[in-house]
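Each chain gets a letter, A, B and so on, in the order its sequence line appears, and its residues count up from 1.
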Amino acid sequence: MPDTQPHLYLVDGSSYIFRAYHRLPPLTNRHGMNTGAVYGYTAMLWKLADGLSKADGPTHMAVILDKGSSSFRNEMYDQYKAHRPPAPEDLVPQLPLIRVATRAFSIPCIEQAGLEADDIIACYVTAATNAGWKVTIVSSDKDLMQLIDDGKVDMLDTMNDRRFDRAAVIEKFGVGPELLGDVLALMGDSVDNVPGVPGIGPKTATQLIQEHGSLEAVLAAADGIKKPKLRQNLLEHADNARLSRELVRLVCEMTLPEPLDALELKNIPEAPLREFLEDQGWKTLLNRMVGQGARPSEGTRPAAPVRPAGPGEAEAISVDRAGYATITDAATLGEWIAEAKAQGRIAIDLQGDGGHGLAEGLAGISLALAPGKAAYVPLGHGEKDLLSEGPDQLGLGEGLGLLEPLLEDESVLKLGHNLKDQLKLLADRGIHVRPAEDVMLASFALDGGRFGHGLDELVKKHFEHDCLPLKAVCGTGQKAIRFGQAPVAAATEYAAENADMVWRLWHRLEHRLAAEHATRVYRLVDLPLIRTVGAMEREGVKVDRTYLADLSQTFATETAALEERIFAAAGGSFTIGSPQQLGQVLFDRLGLKGGRKGKNGNYSTDQSELERLEADGVEVARLVLDWRQLTKLRITYTDALQAQIDPKSGRVHTRYALAAAQTGRLSSTDPNLQNIPIRTEIGAKIRNAFIAEDGHSLLSADYGQIELRLAAHMADVPQLKEAFARGEDIHTITAQELFGDAGKDSRNKAKTINFAILYGISSWGLAGRLGISTEEGKAMIDRYFERFPGIKNYISTTLQKVRECGYSETLFGRKTHFPNIKSGIMNLRQGAERAAINAPIQGTSADIIKRAMVRMPGALAEAGLTGTRMLLQVHDELVFEVPHGDEEKAAAVIRDVMAHAAEPVVALDVPLSVEVGWGDNWGVAH
DNA sequence: TGAGTCACG
DNA sequence: GACGTACGTGACTCAA
């Protein structure tokens with residue numbers, strides 16, 4: 001009878017408040033006092049109490065606090081918690097407010113002199129489980145994890161929305177709750193000043209306990225341990241280990257200050273809560289909590305299942321595709337529209353019909369109003385090229401005519417997935433959808449780095465459900481049909497399911513946005529970008545087809561000549577483009593020295609390998625390199641680009657992916673216009689093919705060394721910040737610091753190091769790049785850290801944070817998760833560490849240029865630059881088309897927007913420089 | 001489909 | 001002392 005089993009929530013108030021203080025932004029109440037931590041605490045308490053009627057929600061609840069005086073542990077060990085710094089000055093006055101807030105909720109607040117909160121919690125856990133109750137400990141204190149007991153006691157970390165069970169403890173510490181105390185005893189705890197054993201951290205502690213089974217067994221076996229240092233430490237500090245074991249033991253030797261039954265969670269009386277919230281001046285909370293009645297009744301809840309859920313736990317759903325409706329008449333569509341208006345939100349999903357470009361048609365639109373309640377509205381099904389009538393359906397004109405007022409209705413929220421592409425389709429038809437929420441972008445902001453954000457993948461992750469694959473409707477390969485050619489019944493199952501899933505996903509992710517501090521990135525950066533980027537894609541960029549064709553021809557001729565010379569040198573023809581064959585020719589047939597590499601046992605023939613051969617005087621290596629360059633340029637750029645010109649607009653329309661890159665960057669596809677050659681002279685010619693429309697210039701504006709500037713700011717390196725402020729050359733300054741001179745050679749080395757450091761390079765890797773020994777590489781890195789201690793500090797604090805929280809953050813709060821940061825596979829772990837060092841910098845740069853892009857259309861319009869269009873983004877560069885005569889003015893506006901794009905959210909210690917140029921084509925503008 | 005290669009920031 | 005060797009992308013080819 002699980003329904004009637006009481007479920008006690010024990011809130012570890014003291015630990016929450018300290019973490020909230022550091023994690024939440026400062027916030028001032030009506031009296032001018034900093035109350036950020038109390039605000040967070042209050043919101044959390046509400047969230048918990050609000051879960052009363054929900055599955056696994058509390059029936060009983062208490063807040064446990066530290067009384068502040070010393071505990072019995074100090075009698076055991078006078079140094080216990082001795083080095084703990086005093087609470088921050090602006091946190092101290094918040095502490096009493098915790099009790100006030102708790103009282104406002106009419107929730108019991110328990111504290112007792114001589115006992116720490118942990119022990120009181122342990123007591124209540126024992127009492128409650130003895131009574132057959134379930135218990136959830138609301139905390140993130142690792143000591144308390146000792147109490148976890150599957151089926152009876154679990155732990156909830158509200159700040160990360162994560163639930164810990166036995167498996168989670170084993171994942172984190174390698175041992176179950178019953179052995180956790182032994183592990184903690186070996187580790188010690190510097191914050192609480194639990195001594196532990198020197199030289200033993202979490203890894204070694206876990207390993208020892210796993211191996212021997214208990215702390216006492218470890219100590220007994222200490223003599224036989226191989227590693228000399230470890231053995232000595234264990235023998236010398238055995239007493240400290242035993243003392244630590246006692247310090248981390250949770251004891252339960254008291255009578256309950258409040259009996260269990262007194263903790264029952266009842267309806268919260270409104271008056272005291274209102275009084276408290278009003279006194280603090282927290283209007284948002286007031287509206288949320290009191291505005292809907294002190295406890296929201298079942299009736300006022302939206303129909304959707306509203307439950308906060310971490311990404312880890314999937315919520316199983318049942319899906320009945322046969323239950324979806326097909327709407328083919330105006331009356332039925334009218335009913336759905338009316339219901340959407342009544343409830344104020346609707347999920348939509350457009351089904352395109354054809355390719356990606358402007359020629360794409362619209363096959364239909366699906367709608368969802370509640371979980372499982374979805375329908376498909378076919379609009380353009382049937383064979384276009386035949387005069388057949390097609391299935392029974394509302395036409396495109398009538399259907400969109402009916403939907404347009406709903407889609408543009410300010411009071412109805414439209415939910416979608418990857419709305420940028422859908423909004424583009426509608427904008428082409430004069431429909432401007434608003435307001436809207438995007439499930440893909442919400443997921444990107446919440447779970448970036450954890451998994452991909454495609455609809456199917458999200459559904460799989462969150463609901464353990466497989467969507468009907470598109471290929472089941474449209475087929476695949478040569479036999480694939482357009483969506484509009486599919487039978488309406490099959491199309492309904494696919495399309496309506498998508499809308500249904502969008503609805504469900506949004507309601508699952510919605511509250512996590514605020515709870516996990518993802519709203520800034522979502523609402524201020526990524527969501528508004530939909531419209532800006534959509535407009536850029538629609539605009540496209542003009543390319544000179546004739547010029548590209550000529551270039552293609554030149555490249556082809558030169559390639560043919562190279563091919564002949566290569567075959568002559570190789571003594572026969574082979575497929576140059578096959579690394580396998582090339583390797584055999586070079587290393588087997590010609591007998592050159594080569595290293596075996598790769599998973600297939602093939603020789604490596606990459607650029608560095610061929611350059612090595614060239615240096616040894618192997619002429620054919622140079623020929624192959626030249627052949628590769630020309631082939632690459634011809635096939636990937638000159639040929640492909642011509643084919644990508646849209647016949648309707650005569651321009652190339654790339655598509656930007658908003659939720660693809662882990663760091664928050666955009667990426668560009670079909671074609672990728674973010675990797676157009678520039679570094680080599682011959683490749684750079686391709687940039688000249690990107691031209692401006694008649695009477696216009698192409699204008700390019702790019703940030704100068706933005707990532708190094710951000711590194712200087714984020715790592716707080718005074719020398720680098722000053723150099724940037726003075727407008728000096730940063731690599732020269734680095735060369736001076738490292739080598740005492742700034743000759744060309746030193747500057748080049750410094751440049752390599754500057755970038756290498758930010759990517760977390762090893763001494764071996766740096767040595768390889770600079771052609772020096774590993775020892776010299778290490779010395780150089782050490783010297784760098786010595787001259788710029790901020791960098792070293794940045795790297796270690798960044799890694800520490802990622803190990804602790806699982807994610808890194810940009811200056812704007814964009815999170816990137818690194819699930820591999822604790823991987824036992826060193827390869828993966830070290831890869832994650834390098835990526836984690838880079839992500840905050842690359843990601844902040846991405847945030848900044850995105851903010852510039854969001855503001856740009858408004859700024860241009862305000863300056864009267866109505867003919868100027870933003871066309872392309874290449875990570876640190878924006879490309880515009882500007883009417884002749886407006887270049888100077890546009891340059892000034894663009895420069896201003898870009899240079900100040902971080903403000904006011906972030907104030908940088910370094911200026912952002914923006915270099916602007918323009919001309920007839922991209923080559924001369926850049 | 002995966003590996004290898006190479007274009008960009 | 002071995003480990004594998006710079007961050008982030010996308011497009012193309014070959015070979016299975």
Side-chain angles (χ1 to χ4, degrees), chain A residues 227 448-449 574-583 597-610 624-625 627-641 643-644 654-657 660-680 682-684 686-687 702-708 711 752-770 774 777 781 798 808 816 818 825-843 845-846 849 872-878 926:
Chain A
K227 295 184 181 171
F574 64 100
T575 310
I576 307 173
S578 162
Q580 195 181 28
Q581 291 188 35
L582 178 64
K597 282 196 215 166
K599 297 187 176 173
N600 305 330
N602 291 330
Y603 295 108
S604 167
T605 65
D606 68 9
Q607 199 166 337
S608 66
E609 198 70 11
L610 292 180
V624 171
L625 283 171
W627 181 92
R628 275 196 183 153
Q629 185 189 21
L630 287 170
T631 311
K632 173 97 179 175
L633 293 177
R634 180 172 58 83
I635 292 175
T636 310
Y637 298 103
T638 55
D639 287 356
L641 223 38
Q644 289 279 359
T654 186
R655 303 179 339 126
Y656 291 97
Q662 313 263 317
T663 52
R665 274 187 174 181
L666 303 185
S667 77
S668 157
T669 56
D670 307 312
N672 181 355
L673 294 187
Q674 289 180 323
N675 70 346
I676 299 302
I678 193 169
R679 289 174 188 171
T680 64
I682 179 159
I686 292 171
R687 295 225 162 190
D702 69 290
Y703 285 112
Q705 293 170 326
I706 186 168
E707 293 198 2
L708 275 171
T752 299
I753 300 171
N754 270 335
F755 286 106
I757 291 287
L758 299 179
Y759 297 153
I761 198 176
S762 61
S763 43
W764 193 97
L766 181 64
R769 296 209 161 220
L770 289 179
T774 310
I781 291 173
T798 301
S808 68
T816 301
F818 295 92
I825 300 165
M826 189 172 27
N827 228 348
L828 295 180
R829 187 177 63 247
Q830 291 182 337
E833 285 173 357
R834 291 193 298 269
I837 290 168
N838 182 247
I841 296 167
Q842 189 180 116
S845 161
I849 196 164
L872 303 175
Q873 189 251 43
V874 194
H875 308 309
D876 64 355
E877 174 187 13
L878 295 172
H926 189 85

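C/dC3 atom C1' lies 13 Å from atom CG of A/Leu828, rounded to whole Å. Atoms CG (A/Leu641) and P (C/dC12) sit 11 Å apart, rounded to a whole Å. The CZ atom of A/Phe755 sits 10 Å away from the C1' atom of B/dG9 (whole-angstrom rounding). A/Asp606 has its CG atom 13 Å from the C1' atom of C/dT5, to the nearest Å. One can place OH of A/Tyr656 at 13 Å from C1' of B/dG9, the figure rounded to the nearest angstrom. In this structure, A/Glu609 places its CD atom 11 Å from P of B/dC6, rounding to the nearest Å. Distance A/Glu833 CD to C/dC3 P: 18 Å, rounded to the nearest Å. One atom, CG of A/Asn602, and another, P of B/dA3, lie 12 Å apart when rounded to the nearest Å.
With B/dT5, C/dA15, B/dC8 as the choices, the nucleotide that has an atom nearest any side-chain atom of A/Pro579 turns out to be B/dT5. When distances are taken from the side chain of A/Thr669 to each of C/dA11, C/dC3, C/dC7, the shortest belongs to C/dA11. Residue A/Ile761 places its side chain closer to C/dA6 than to any other of B/dC6, C/dC3, C/dA6. Nearest nucleotide to the side chain of A/Arg665, out of B/dC8, C/dG8, C/dA11: C/dG8. With C/dC7, B/dA7, C/dA15 as the candidates, the nucleotide lying closest to the side chain of A/Tyr759 is C/dC7. Nearest nucleotide to the side chain of A/Ser578, out of B/dG9, C/dG8, C/dC14: C/dC14. Counting only heavy atoms from C-beta on, A/Asn675 has its side chain closest to B/dC8 among B/dC8, C/dT5, C/dT9. Comparing atom distances between the A/Asp876 side chain and each of B/dG9, C/dA15, B/dC8 picks out B/dG9 as nearest. Candidate nucleotides C/dA6, C/dA11, C/dT5 were compared by shortest atom distance to the side chain of A/Ser762, and C/dT5 ranks first. When distances are taken from the side chain of A/Gln580 to each of B/dA7, C/dA11, C/dA16, the shortest belongs to C/dA16.
Heavy atoms of A/Glu707 sit nowhere under 4.0 angstrom from any nucleic acid atom. Within the 4.0 angstrom heavy-atom criterion, no nucleotide atom of any strand lies near A/Ser845. A/Gly577 comes within 4.0 angstrom of the backbone, heavy atoms only, and of no base. A/Thr774 comes within 4.0 angstrom of nothing in the nucleic acid, heavy atoms only. Within the nucleic acid shown, A/Ile678 comes within 4.0 Å of sugar-phosphate atoms alone, with no base atom in reach, counting heavy atoms only. Contact annotation for A/Arg679: base contact, defined as any heavy-atom pair under 4.0 Å involving a base atom. Residue contacts shown for A/Ala846 are absent, as no nucleic acid heavy atom lies under 4.0 Å away.
For the pair A/Gln662 (side chain) and A/Gly448 (backbone), a donor-acceptor distance under 3.5 Å is absent. Judged purely by atom type and a 3.5 angstrom limit, A/Ser578 uses its side chain to pair as donor or acceptor with the backbone of A/Gln581. Although no hydrogens or angles enter the test, the distance criterion places no donor-acceptor pair under 3.5 Å between the side chain of A/Ser668 and the main chain of A/Tyr656.
Residue A/Leu766 comes nearest to A/Gly777 through the heavy atom pair CD2-O, 3.9 Å, listed as atom of the first residue, atom of the second, then distance.
Note on A/Gln629: every side-chain N or O is 4.0 Å or more away from OP1 and OP2 of B/dA7. Phosphate proximity of C/dG8 to A/Thr663: absent, as no side-chain N or O sits under 4.0 Å from OP1 or OP2. Residue A/Arg834 has a polar side-chain atom (N or O) positioned under 4.0 Å from OP1 or OP2 of C/dC7. The phosphate of B/dT5 (OP1 or OP2) has a side-chain N or O of A/Thr605 nearer than 4.0 angstrom.
C/dA2 and B/dA7 have their C1' atoms separated by 35 Å, with the value rounded to a whole Å. Here, C/dA6 and B/dC6 have their P atoms 15 Å apart, quoted to the whole Å.
Separating the NE2 atom in A/His875 from the OH atom in A/Tyr703 is a distance of 14.5 Å, to the nearest 0.5 Å.
Using Watson-Crick or G-U wobble geometry with both donor-acceptor distances under 3.5 Å, B/dC6 finds its partner in C/dG10.
Side-chain N/O atoms of A/Gln842 and base N/O atoms of C/dC7 include a donor-acceptor pair closer than 3.5 Å.
Side-chain contact check for A/Gln629 versus A/Lys632: every heavy-atom pair is 4.5 Å or farther apart. By the 4.5 Å heavy-atom criterion applied to side chains, A/Leu770 and A/Ile753 are counted as neighbours.
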